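Have a look at the structure below, then the notes.
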Protein chains: 2
Amino acid sequence: MESFRTPGQRAGLTRAAVLGAAQDLLAEKGLESLTMRALAQRLSVAPNALYSHVTSKTALIDDLLDEVLAEVQAPAPDIADASDGLYQLMASTYDVLLTHRDLVPLYLARQGARGSNAQRLGTIMLALLARVNVHGSAASEALRVLIVYTIGFAAFTTHPPLDAGVDRPVIPAETLNNFTNGLRWLLTGITQASAVS
Amino acid sequence: MESFRTPGQRAGLTRAAVLGAAQDLLAEKGLESLTMRALAQRLSVAPNALYSHVTSKTALIDDLLDEVLAEVQAPAPDIADASDGLYQLMASTYDVLLTHRDLVPLYLARQGARGSNAQRLGTIMLALLARVNVHGSAASEALRVLIVYTIGFAAFTTHPPLDAGVDRPVIPAETLNNFTNGLRWLLTGITQASAVS
DNA sequence: AATATAGCTGGACGGTGTACAATTAGCAAG
DNA sequence: CTTGCTAATTGTACACCGTCCAGCTATATT
């Protein structure tokens, strides 16, 4: 509990170590417990020490969000069926989000992470959309719809939904079907719309 | 700035007054400024006084969320075209959400408000879904998809999206089109799926 | 070897939500 | 008309939060 170091002595912290510990703490104790003080304690360090490696808690979380997005498996932009590529990408995103349940509300509260990984995924999505003849503003619209839907659905999956009293047991596999169904609806809608215009 | 009342003297607070002031404060100063102390000051009352009418800040916000949902204009359950009824309901919800921008992130972070108004809307939606031959678990799935999509889209509308660098000006009318397009995709998907099964 | 830099600690500041005890206004009952 | 109970309100305070500032010193730079 007490301090082992006197001022001036180093603890060998790294920015990566801080991010990693934050991710662990989040996974173990949940979002509410992710506090700068708790994080510092886990690293056996004074709370202020963190600010040598992270400019603010907000920035820390932003980095966390983008770091998670690195796990998303994106299909090659030249995949045979572009529409299928979009499907795979969103499905993988959904999957990744479910393995980091506590972060999901943050994606929403903040806004979908402008980090480099997010940009990478965005670019791939736009490329795929272009291959199904969706360009310009229509493309960014479709992009938005897909992202919204995926993150939103993850939010409703991870945290208990409202349920207007129908059937009780929320089976994960069912929920996955639920997600993929809606996703397909959106994708057919997007591609059909481009066929008309 | 100072206290006009001595302990024991009443201020005539009501639960409704507290909720109302909270809503005003939110609209005027934004989410960050909605603090128990600020709320108390606006009502010329000590911060603790609020706890005679509200059990916690969380509960207060929950009530706020549900109160806003009362503004949603729901179509009569026996509207001619049930699918159109769903469309109108979600469109109205989207509209209401946009007039309370600061609450939107809260709907997501928390989870869609289990209050009485939310239940009322849920029931109506299920009734409409039944009329387009969607029942049981499929119905609650569809319900979830529609809610997720609407709230999620509102979130991306109110708070600046990420934008992978295409076109700049985010015209509200365009965004509305964006929303209604996706909504139609979902609705056709939902109804078509029921036609198959 | 001298000096700058950057990591760390101690301590503090201003903010938050909220519990506790003491006061007293308003109302019901005698 | 008095008495007493309940519930609204205040003052005070606690524990916690994110973060700034000043000092110390191990390390990198010159």
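Just so it is clear, the model here is predicted, and its values are computed rather than measured. The chains referred to below are lettered A, B, ... by the order of the sequence lines, with proteins before strands, and numbering in each begins at 1.
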Short side-chain N/O contact to D:dA7 OP1/OP2 from B:H53, under 4.0 Å:
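Answer is no, no contact under 4.0 Å.
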Pairs in or reaching into residues 11-34 of chain B: which pass side-chain hydrogen bond (donor to acceptor under 3.5 Å, both in side chains), with residues at least two apart or in two chains?
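side-chain hydrogen bond (donor to acceptor under 3.5 Å, both in side chains) check on residues 11-34 of chain B returns B:R15-B:D63, B:E28-B:R42.
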Quick check on contacts: within residues 10-23 of chain A, what sits under 4.0 Å from DNA chain D by heavy-atom distance?
A:R10
Would you please name every residue forming a side-chain hydrogen bond (donor to acceptor under 3.5 Å, both in side chains) with A:R131, sequence neighbours left out?
none
Tell me, please, which residues at least two apart from A:E71 pass side-chain hydrogen bond (donor to acceptor under 3.5 Å, both in side chains).
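With sequence neighbours excluded, A:E71 shows a side-chain hydrogen bond (donor to acceptor under 3.5 Å, both in side chains) to A:H100, given in chain and number order.
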Taking [atom1] from [X] and [atom2] from [N], how many angstroms apart are they, rounded to a whole number?
| X | N | atom1 | atom2 | value |
| --- | --- | --- | --- | --- |
| A:L25 | D:dC17 | CG | P | 11 Å |
| B:Q9 | C:dT23 | CD | C1' | 10 Å |
| B:F4 | D:dG11 | CZ | C1' | 17 Å |

Counting only heavy atoms not in A:Q9 (residues, nucleotides, ligands), do more than 12 fall under 6.0 Å from its CD?
yes
With a 3.5 Å distance limit and no angle check, can you tell me whether A:T93 reaches the backbone of A:L89 through a side-chain donor-acceptor pair?
yes
Under 4.0 angstrom, heavy atoms only, what part of the nucleic acid is B:T6 near: base, sugar-phosphate, or nothing?
sugar-phosphate
By the definition side chain to side chain contact (heavy atoms under 4.5 Å, CB included), identify the one residue from A:V132, A:L86, A:V145 that meets it with A:L187.
A:L86
Name all pairs fulfilling the ring-ring contact (aromatic ring centres under 6.0 Å, His included) condition that reach into residues 13-54 of chain A, sequence neighbours left out, sorted by first residue then second.
none
Per-nucleotide protein contact string for nucleotides 13-21 of chain C (B base, S sugar-phosphate only, - none; heavy atom under 4.0 Å):
---BBBBB-
If you measure from CG on A:L50 to OG1 on A:T55, what distance do you get to the nearest 0.5 Å?
12.0 Å
